[in-house]
Amino acid sequence: MRLECDDEQKYLMVTSSVLVLSVDADLEQTLLHYDYEREKSHGYPEAHVQINATSPDWELSCTRSDGNVRALRKLHLPVGGRRFRPTLEDFIEFLILEKLTLGREGWERSIKITRDEFHHRQLKAAIRRNPALARQCLIDEGLLDDR
């Protein structure tokens, strides 16, 4: 995970992060990875998952409009964008629920607490970047007087 200060030099923001599921510790046999890259080049989604797998159906489906074939592992499948991308907690929960690893006692509570903290930080950042929209939402919901 790489962090930098935001434009106002007030908050830390994630500029890139990677969550990897690999068969080996050296990451030579990666199964999938969730990536977040702020300002991702070539128009690819900032938050995306890449899956290292293949099948005849994927090979057929990955034939591009120019006739070239792009392997599934090279596709950037979008997963929610800058503010609402998958979290480390989502990834850990996936591994435990799919029985790919064992969770420690109390893992559900720990994940809920830290995931909620992340979501709250993201919501606050979204509000800071869109105060007029936030204000209008509160007015529309009758939670703020329109004065």
Side-chain angles (χ1 to χ4, degrees), residues 1-138 140-141:
M1 186 172 287
R2 191 173 71 224
L3 305 172
E4 295 179 15
C5 284
D6 67 357
D7 292 338
E8 293 82 24
Q9 302 291 304
K10 189 171 180 181
Y11 298 99
L12 279 178
M13 66 180 183
V14 176
T15 55
S16 66
S17 65
V18 180
L19 304 173
V20 178
L21 179 60
S22 181
V23 174
D24 63 323
D26 296 329
L27 306 179
E28 297 292 324
Q29 296 174 291
T30 299
L31 300 174
L32 64 85
H33 52 97
Y34 286 94
D35 299 335
Y36 172 70
E37 298 174 70
R38 187 176 287 265
E39 308 298 334
K40 178 80 174 144
S41 61
H42 305 296
Y44 290 122
E46 290 181 326
H48 58 272
V49 64
Q50 290 179 267
I51 302 168
N52 191 10
T54 190
S55 73
D57 292 335
W58 271 112
E59 289 174 20
L60 178 64
S61 298
C62 290
T63 300
R64 303 173 86 177
S65 58
D66 62 7
N68 292 321
V69 176
R70 184 162 178 121
L72 174 60
R73 73 178 183 279
K74 296 288 189 178
L75 298 181
H76 298 74
L77 304 168
V79 289
R82 182 175 289 184
R83 293 278 171 242
F84 305 106
R85 61 191 184 269
T87 64
L88 176 59
E89 293 81 1
D90 295 331
F91 195 61
I92 292 168
E93 182 179 60
F94 155 74
L95 294 172
I96 294 169
L97 293 178
E98 294 295 339
K99 299 185 182 356
L100 299 175
T101 192
L102 297 174
R104 295 181 180 167
E105 186 175 331
W107 69 267
E108 297 100 332
R109 179 167 158 48
S110 295
I111 283 178
K112 180 179 180 356
I113 290 168
T114 56
R115 183 173 21 213
D116 286 351
E117 289 170 357
F118 175 79
H119 287 162
H120 291 158
R121 281 191 308 275
Q122 292 302 93
L123 181 56
K124 286 169 70 174
I127 290 168
R128 278 195 312 276
R129 299 289 182 232
N130 300 284
L133 181 62
R135 183 177 188 281
Q136 188 59 53
C137 178
L138 292 172
D140 293 349
E141 295 297 319

Next item on the list: Give the C-alpha distance, both sets of side-chain angles, the deciding distance and a yes or no for side-chain contact (heavy atoms from CB on, under 4.5 Å) between Leu75 and Trp58.
Entry: CA-CA 11 Å; Leu75 298 181; Trp58 271 112; 4.2 Å; yes
Item checked: Check: Gln50 side chain, His33 main-chain N or O, donor-acceptor pair, under 3.5 Å -> no
Note to self: If you apply the rule side-chain contact (heavy atoms from CB on, under 4.5 Å), what do you find for Glu59 with Thr54, and how did you get there?
What the structure shows: CA-CA 7 Å; Glu59 289 174 20; Thr54 190; 3.0 Å; yes
Notebook entry, point to check: Relative to each other, are the rings of Tyr44 and His76 parallel, tilted or perpendicular (30° and 60° limits)?
Noted result: parallel
Checklist line | Reported SG-to-CG distance for the pair Cys62 and Asn68, which is rounded to 0.5 angstrom | finding: 12.5 Å
Note to self: Quick one, Ile111 with Ile92, criterion side-chain contact (heavy atoms from CB on, under 4.5 Å). Give me CA distance, side-chain angles, the key distance, then yes/no.
What the structure shows: CA-CA 8 Å; Ile111 283 178; Ile92 292 168; 3.6 Å; yes
Checklist line | Spacing of Tyr34 atom OH and Thr87 atom OG1 [to the nearest 0.5 Å] | finding: 10.0 Å
Check: Between Asn52 and Leu31, is a side-chain contact (heavy atoms from CB on, under 4.5 Å) present by the stated rule, with each step listed?
Finding: CA-CA 5 Å; Asn52 191 10; Leu31 300 174; 5.8 Å; no
Note to self: Using a strict threshold of under 4.0 Å (side-chain N to carboxylate O), is an ion pair present between Lys10 and Asp6?
What the structure shows: no
Margin query: Taking Glu4 first and then Arg2, would you say they form a salt bridge - that is, a charged N and a carboxylate O separated by under 4.0 Å?
Written below: yes
Note to self: I need the single residue from His119, Gln122, Arg121 that forms a side chain to side chain contact (heavy atoms under 4.5 Å, CB included) with Arg83. Which is it?
What the structure shows: Gln122
Item checked: Minimum-distance pair of heavy atoms, taken over all atoms of Gly103 and Ile96 -> CA-CD1, 3.6 Å
Note to self: What verdict does the salt bridge (charged side-chain N to carboxylate O under 4.0 Å, His left out) test give for Lys124 and Glu117, after you've listed the backbone C-alpha separation in whole Å, the side-chain angles of each residue and the deciding distance to 0.1 Å?
What the structure shows: CA-CA 11 Å; Lys124 286 169 70 174; Glu117 289 170 357; over 6 Å; no
Next item on the list: For the pair Arg135 and Glu141, find out whether any cationic side-chain nitrogen is under 4.0 Å from an anionic carboxylate oxygen.
Entry: no
Check: Under a 4.0 Å N-O cut-off, is there an ion pair linking Arg85 with Glu46?
Finding: no
Notebook entry, point to check: When rounded to the nearest 0.5 angstrom, what is the spacing between OG1 in Thr114 and CD in Glu89?
Noted result: 3.5 Å
Check: Is there side-chain contact between Ile51 and Leu77, with at least one heavy-atom pair below 4.5 Å?
Finding: yes
Note to self: Restricting to non-hydrogen atoms, name the atom on Val14 and the atom on Ser17 that form the minimum distance, rounded to 0.1 Å.
What the structure shows: CG1-CB, 4.1 Å
Margin query: For Glu28, is there any backbone N or O sitting under 3.5 Å from a side-chain donor or acceptor partner on Asp26?
Written below: no
Check: Roughly how far, to the nearest 0.5 Å, is the CG atom of Leu21 from the CD atom of Gln29?
Finding: 11.5 Å
Note to self: Please give me the minimum heavy-atom distance between Phe94 and Leu100, naming the atom from each residue.
What the structure shows: CZ-CD1, 4.0 Å
Check: Got a salt bridge between Glu39 and Arg82, using NZ or NE/NH1/NH2 to carboxylate O under 4.0 Å?
Finding: yes
Next item on the list: Before giving the answer on side chain to side chain donor-acceptor pair (under 3.5 Å), spell out for Asp57 and Ser55 the whole-Å C-alpha distance, their side-chain angles and the decisive distance to 0.1 Å.
Entry: CA-CA 5 Å; Asp57 292 335; Ser55 73; 5.0 Å; no
Note to self: Nearest 0.5 Å, please: how far is CG in Leu32 from CG in Leu19?
What the structure shows: 9.5 Å
Margin query: Take a 6.0 Å sphere around CD of Glu105 and say whether it holds more than 12 heavy atoms from other residues, nucleotides or ligands.
Written below: no
Next item on the list: State, yes or no, whether a side-chain contact exists between Glu93 and Phe91 at a heavy-atom distance under 4.5 Å.
Entry: no
Checklist line | Distance in Å, Cys5 SG paired with Tyr11 OH, rounded so as to fall on 0.5 Å steps | finding: 12.0 Å
Checklist line | Heavy-atom donor-acceptor pair, Asp35 side chain to His48 backbone, under 3.5 Å | finding: no
